[in-house]
Q: 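Got a structure for you, written out below as structure tokens; questions coming shortly.
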Amino acid sequence: MYFWQFRVYQRPLLHPLQTHHGLWQIREGIIIRLEAEDGRIGWGEIAPLPEFGSETLSAAILFCQSLENPLSINSIFSIPEQFPACQFAFESALEDLSIENKSRELEPRNYSYLLPTGAAVFPCLDDILATNQTNTYKWKIAVNSLPQELKLFEKLITRLPRNIKLRLDANGGLSIADSKIWLKIADESKIIEFIEQPLPPSQWLEMLQLSQDFTTGIALDESVANLRQIEECYQRGWRGIFVIKPAITGSIQGLRNLWKKYPLDLVFSSVLETNIGRKSALRLAQEYPKKERALGFGVQQWFNNSDPDWLEKLWTTSANN
Ligand SMILES: O=C(O)CCC(=O)C1=CC=C[C@@H](O)[C@@H]1C(=O)O
Ligand SMILES: [Mg+2]
């Protein structure tokens, strides 16, 4: 049995992240602390992303308030799939209890660096390129008008070295016509690794058709935000890329079982979680056997990471249970 505690946190982004979903200014979540009977401690993080279909923060807080304490292993693996961020957090904390190597950061070249959206990328681009040893970058689209973004894109690729791979993420905000324009440009430019979620999840069949009409990869993200959606998309014929955000996908064991059951082309992606959730997600990503694609965890620059005592302060200054 495991006694546990939780604390709600707020973590402002250094600069708002602009996407088709809107402006993201504060990452909110819950840190959980599990204590085994022998005194071992395991940490986990609930980092909801409701625009991707996960539970909301308030629903997660209510769930934590209603959950038994102490917990059994069976009760952890019985968390309903309607709470995928909670499933991830409690399974992570359970695994964290018995993990010796408390996970390690990979070399920067293993990460895709999330660039500022739109024209905001240009003032800092030279510094970013000079200080980052990665060759994979991600840039949000479907925020400004198509003509504006095509103009910015042309300017951006003239500033990028030739060996760069660029990921474009529309967060489901393009029309079919605009998606075809971007995919045609991507096919010609040869710099685009993939276009992420060009259309909304409701236009899944249209995305399947686009993936057959163009050579540039298409990656599903919002369409495959949890285990059930991943399996459904594969069974319905998706053989393109699956962007997996472990922190909101649900059961860690369930995700392992899926990638053993199907030959999935996965790109692991952050939900801008703290180091607690990041550590578990990266540990999982490092278990995944295919290593060709950079991890979507080049996001630390979006936060002020200078306070090594943030967790201790959270635990001593606030009490949720
Ligand atoms: O996947 C990455 O490279 C970084 C993470 C990232 O892009 C996102 C994190 C969370 C929400 C989204 O705005 C965005 C995404 O859609 O992938
Ligand atoms: Mg995405």
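Counting convention: from 1, in listed order, for ligands and their atoms alike.
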Q: Look at atom 4 (C) of ligand 1 and say which protein heavy atom is nearest, naming residue and atom and giving the distance to 0.1 Å.
A: Gly296 O, 3.4 Å
Q: Would you check whether Asp221 has a nitrogen or oxygen atom less than 3.5 angstrom from a nitrogen or oxygen atom of ligand 1?
A: yes
Q: Identify the closest protein heavy atom to atom 1 (O) of ligand 1: which residue and atom is it, and at what distance?
A: Ser269 OG, 2.6 Å
Q: Considering just N/O/S atoms, say which atom of Asp169 is closest to the Mg ion (ligand 2).
A: OD2
Q: Looking at ligand 1, does any of its N/O atoms fall within less than 3.5 Å of an N/O of Lys140?
A: yes
Q: Is it true that Glu35 and Arg33 make a salt bridge, defined as a side-chain N closer than 4.0 Å to a carboxylate O?
A: yes
Q: Is the closest side-chain heavy-atom distance between Val8 and Leu57 below 4.5 Å?
A: yes
Q: Which N, O or S atom name in Glu196 marks its closest approach to the Mg ion (ligand 2)?
A: OE2
Q: Check each of Ala225, Ala294, Ser270 against atom 9 (C) of ligand 1 and report the one with the nearest heavy atom.
A: Ser270
Q: Tell me which N, O or S atom of Asp221 sits nearest to the Mg ion (ligand 2).
A: OD2
Q: Quick one: does Thr216's side chain have a donor or acceptor within less than 3.5 Å of a partner on Asp187's backbone?
A: yes
Q: Salt-bridge test for Lys279 and Glu105: reply yes if a basic N is under 4.0 Å from a carboxylate O, no otherwise.
A: no
Q: Can you tell me which portion of Val267 lies within the under-4.0 Å heavy-atom range of ligand 1? Options are side chain, backbone, both, or neither.
A: neither
Q: Per the side-chain contact (heavy atoms from CB on, under 4.5 Å) rule, which among Thr158, Asn163, Leu156 passes with Leu160?
A: Leu156
Q: Considering only non-hydrogen protein atoms, determine which one is nearest to atom 7 (O) of ligand 1 and report residue, atom name and distance to 0.1 Å.
A: Lys138 NZ, 2.8 Å
Q: Nearest protein heavy-atom contact for atom 16 (O) of ligand 1: which residue, which atom, what distance?
A: Asn171 ND2, 2.7 Å
Q: Could Arg239 and Tyr234 be counted as a cation-pi pair, given that NZ or CZ must be under 6.0 Å from the ring centre and within 45° of the axis?
A: yes
Q: Give the single entry among Lys245, Glu51, Gln18, Glu196 that approaches atom 8 (C) of ligand 1 most closely by any heavy atom.
A: Lys245
